[in-house]
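Here the structure is a predicted model, which is why all the values come from computation and not from measurement. Lettering of chains follows the sequences in order, A, B, ..., and the numbering in each one begins at 1. Heavy-atom basis, side chains included; hydrogens, waters and symmetry copies ignored.
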Amino acid sequence: MDDRTHTADAEPGERITVAGWVHEVRDLGGIAFLIVRDRTGKIQVKFATDEMDESLVETGTNVSRESVVSVTGTVEEEPRAPTGVEIVPESVEVLAPADPELPLDPTGKVDADLSTRLDNRTLDLRSGESKAIFEIRSTVLKAVRDYFRSVGCTEINTPKIVATGTEGGTELFPLTYFGQEAFMNQSPQLFKQLMVGSGLERVFEVGPIFRAEEHNTPRHLNEATMIDFESAFIDHHEAMDVCEGTLRAAYEAVEANCHEQLETLDLTDAVTVPQQEFPRLTYEEAIERINATGELDEQLVWGDDLSTEAEKALGDDVGGHYFITDWPSEIKPFYIQDYDDDPDLSKGFDLMHPRMELVSGGQREHRYDELVAGFEQQGLDPEAFEYYTKMFRYGMPPHAGWAYGVERLVMTMLGLPNIREAVLFPRDRQRLSP
RNA sequence: GCCCGGGUGGUGUAGUGGCCCAUCAUACGACCCUGUCACGGUCGUGACGCGGGUUCAAAUCCCGCCUCGGGCGCCA
């Protein structure tokens, strides 16, 4: 396939070979058109049915939609062709015929339900919209990685099969590891913290996490991709700076490099880099503001976690990304540090999009005695986490960090109605295949 | 985990007790058509998730199961 030309690169006067999928055949009688699609676009192949070789016309016009074909011919300038050029074929080869009855319509003339699309993801991703989402996701991941490198991070990978959970609270997928009890990891949290105490100091990871919660919503997955960041010698304010920088980098990269995809998704004006610096509301300010909206039946009191309804009320009120800082220690995990002068208040924060929570992070507890006390307060056995706590006895620097859900980032950026749109092969309460 | 709403040709849908051996679009098959670009035209094939019940009569009502989607909790 060395001599293959992409459809978008076809220049008049050239003799080329294009290879791709049969998008459509339009047979008008004496003239017929075969539209070939590849990842760069589409091109029209013209058959003058009375004048051309009979078997060539037969092959080119009787091929089923979505079959894979290779067409060799001359590119001619033709104002009447959709792209201004068309191929006058010398030969057409069917590399892989498709069954005539397709489980969904990649041209998009007839809609398909999300579950039908997910059952036939390969075909679904031949359509412009679905493909565009994953091209944008790829751009986001590249931008995020580049940004982390620009602020001196080392990319790491931590184990996904673990002996204990991170927080003990959430549901884990159990498995058997050579006869031992083990779990799929729900977060790189503990491992990335161990790395800030290593010579690496400042790390990030992009990888999967697994949560066995039986939720059934458009914003949860049982296998998700997390962007984790953790750095030594920074506090939660600096961690928020990096967090905001990462998100801006992602939006900027998409705005700069994904014109075509945004156009396909009809989002050219909808996706823009956030202008304002993200407001940093304290938890206390947040609940006051929520109560002031009057959207909730019952007023929130200090110590309440924010319900979905409360988050929505606040999101509508703020109208853009924002941080919530200084959460009550009670509702944040043990590894988040409390304020020394107010132990009821933690240095945890969340980054919110008006639609949902995107990031959770905070200043970590790096002092051994306080950390162990925190375990006990949350009813966890410090012994079970000895591999983790032990390292805090050998010089663990002050540090902070956070974690994003990639799918939520893409979902909120593109206004996708369902998080499954942002994963190739989602794992949810009922879907395990493909 | 609790709660709510759906499942009708390949795909997406209409139909809420008899007007339904089921509507429309698209796809598929056949034929006609020399500039389509959602090509057009004629004809044709093709479906009520599964099991039980109520009724003279069930796609339609009831029960169970399967399955899909959503709300809440919790979270990324």
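For A:Arg219, whose side chain is taken as the heavy atoms from C-beta onward, the closest listed nucleotide among B:C37, B:C72, B:U34 is B:C72. Residue A:Lys109 places its side chain closer to B:A38 than to any other of B:A76, B:A38, B:C75. Nearest to the side-chain atoms of A:Met226 among the listed nucleotides B:A76, B:U36, B:C28 stands B:A76. Closest to the side chain of A:Pro218, out of B:G71, B:A38, B:A76, is B:G71. In the set B:C33, B:G35, B:C68, the nucleotide with an atom closest to the side chain of A:Ser115 is B:C68.
Contacts of A:Val406 with the nucleic acid, taken as non-hydrogen atoms under 4.0 Å apart, are absent. Counting any heavy atom pair closer than 4.0 Å across all strands shown, A:Leu28 reaches a base atom. Counting any heavy atom pair closer than 4.0 Å across all strands shown, A:Ala32 reaches no nucleic acid atom. When heavy atoms are screened at a 4.0 angstrom cut-off, A:Glu407 is found touching no nucleic acid atom at all. Counting non-hydrogen atoms under 4.0 angstrom, A:Pro82 reaches a base of the nucleic acid. Here A:Glu66 lies out of heavy-atom contact (under 4.0 Å) with every strand. When heavy atoms are screened at a 4.0 angstrom cut-off, A:Ile227 is found touching no nucleic acid atom at all. No contact: A:Glu223 has no heavy atom under 4.0 Å from any strand. A:Arg420 comes within contact range of the sugar-phosphate backbone alone, with a heavy-atom separation under 4.0 Å but no base atom that close.
For residues 300-310 of chain A, proximity to RNA chain B is found at A:Asp305, A:Ser307, A:Thr308, defined as any non-hydrogen atom under 4.0 angstrom from a strand atom.
Neither OP1 nor OP2 of B:G73 sits under 4.0 Å from any side-chain N or O of A:Asn216. Contact check, A:Arg429 against B:C74: no side-chain N or O comes under 4.0 Å of OP1 or OP2. Between B:C37 and A:Arg37, no contact under 4.0 Å exists linking OP1 or OP2 to a side-chain N or O.
Nucleotides B:G70 and B:U13 place their P atoms 14 Å apart, quoted to the nearest Å. When the P atom is compared between B:U16 and B:G6, the two are found 14 Å apart, to the nearest whole Å. B:C65 and B:A22 are spaced 33 Å apart, taking the P atom of each and rounding to whole Å. Nucleotides B:G49 and B:U55 place their P atoms 23 Å apart, quoted to the nearest Å. For the P atoms, the distance linking B:G12 with B:C48 amounts to 16 Å, nearest Å. Across B:G64 and B:C75, the matching C1' atoms stand 34 Å from one another, rounded to whole Å. With both ends at atom P, the span from B:U60 to B:G7 equals 11 Å, rounded to whole Å. For the C1' atoms, the distance linking B:U67 with B:U8 amounts to 15 Å, nearest Å.
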Report the C-alpha distance between A:Arg39 and A:Glu260 in whole Å, list the side-chain angles of each, state the deciding distance to 0.1 Å, and finish with yes or no for salt bridge (charged side-chain N to carboxylate O under 4.0 Å, His left out).
-> CA-CA 12 Å; A:Arg39 87 184 137 90; A:Glu260 207 179 294; over 6 Å; no
Might you work through the salt bridge (charged side-chain N to carboxylate O under 4.0 Å, His left out) test for A:Lys46 and A:Glu78, ending with a clear yes or no?
-> CA-CA 11 Å; A:Lys46 178 180 76 175; A:Glu78 174 51 72; 5.4 Å; no
For A:Asp317 and A:Thr293, run side chain to side chain donor-acceptor pair (under 3.5 Å): C-alpha distance rounded to whole Å, both residues' side-chain angles, the deciding distance at 0.1 Å, then the answer.
-> CA-CA 8 Å; A:Asp317 198 40; A:Thr293 63; over 6 Å; no
Determine, stepwise, if the pair A:Asp9 / A:Arg4 fulfils salt bridge (charged side-chain N to carboxylate O under 4.0 Å, His left out).
-> CA-CA 10 Å; A:Asp9 301 331; A:Arg4 176 186 174 212; over 6 Å; no
Stepwise, does the salt bridge (charged side-chain N to carboxylate O under 4.0 Å, His left out) test hold for A:Arg408 with A:Glu357?
-> CA-CA 8 Å; A:Arg408 285 192 174 186; A:Glu357 184 180 337; 5.3 Å; no
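Atom OG1 of residue A:Thr158 and atom NZ of residue A:Lys192 lie 9.5 Å apart, to the nearest 0.5 angstrom.
Looking at which nucleotide of RNA chain B each of A:Asn62 and A:Lys46 is closest to, the 5′-most match is held by A:Asn62.
Within the 3.5 Å criterion, the main-chain N or O of A:Thr282 finds a donor-acceptor partner in the side chain of A:Glu285.
A donor N or O paired with an acceptor N or O is found under 3.5 Å between the base of B:C74 and the side-chain atoms of A:His220. At a cut-off of 3.5 angstrom, the base of B:C28 holds no donor-acceptor pair with the side chain of A:Arg65. In terms of polar N and O atoms assigned as donor or acceptor, the side chain of A:Arg211 comes within less than 3.5 Å of the base of B:A76 in a complementary pairing.
Comment: A:Glu407 engages A:Arg137 in a salt bridge, judged by a side-chain N to carboxylate O separation of less than 4.0 angstrom. Remark: A:Arg80 does not engage A:Glu86 in a salt bridge, criterion side-chain N to carboxylate O under 4.0 Å. For A:Arg280 and A:Asp241, the salt-bridge test passes: some basic side-chain N is under 4.0 Å from an acidic carboxylate O.
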Mind listing the N/O atom pairs, protein and nucleotides 8-12 of chain B, below 3.5 Å?
| residue | atom | partner | partner atom | Å |
| --- | --- | --- | --- | --- |
| B:G10 | O4' | A:Glu101 | OE1 | 3.4 |
| B:G10 | O2' | A:Leu102 | O | 3.0 |
| B:U11 | O2' | A:Asp111 | O | 2.9 |
| B:G12 | OP1 | A:Asp113 | N | 3.0 |
| B:G12 | OP1 | A:Thr116 | OG1 | 2.7 |
| B:G12 | O4' | A:Asp111 | O | 3.0 |

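Using bins of under 30°, 30° to 60° and over 60° for the plane-to-plane angle, the ring pair A:Phe385/A:Phe375 lands in the tilted bin. Ring geometry, A:Phe349 versus A:Phe323: the interplanar angle exceeds 60°, so the pair is classed perpendicular (tilted spans 30 to 60°).
As rounded to whole Å, 13 Å separates atom C1' of B:C75 from atom CD1 of A:Ile331. The separation between A:Ile35 atom CD1 and B:A38 atom C1' is 10 Å, rounded to whole Å. Going from atom CG of A:Leu34 over to atom P of B:C37 covers 16 Å, rounded to whole Å. Atom CG in A:Asp99 sits roughly 15 Å away from atom C1' in B:G29 (whole-Å rounding). For the pair A:Asp428 CG and B:C68 C1', the interatomic distance rounds to 10 Å; values are reported in whole Å. Spacing between atom CZ of A:Phe33 and atom C1' of B:C33 amounts to 13 Å, rounded to whole angstrom units.
Taking a pair as Watson-Crick or G-U with both hydrogen-bonding distances under 3.5 Å, the stems of three or more pairs touching RNA chain B are B:1-7 with B:66-72, B:10-12 with B:24-26, B:28-32 with B:40-44, B:49-53 with B:61-65.
The closest side-chain heavy-atom distance from A:Arg431 to A:Asp119 is below 4.5 Å.
Judged by the 6.0 Å and 45° rule, A:Arg248 forms a cation-pi pair with A:Phe278.
Using modelled atom types and a 3.5 Å distance limit, the side chains of A:Asp113 and A:Ser115 yield no donor-acceptor pair.
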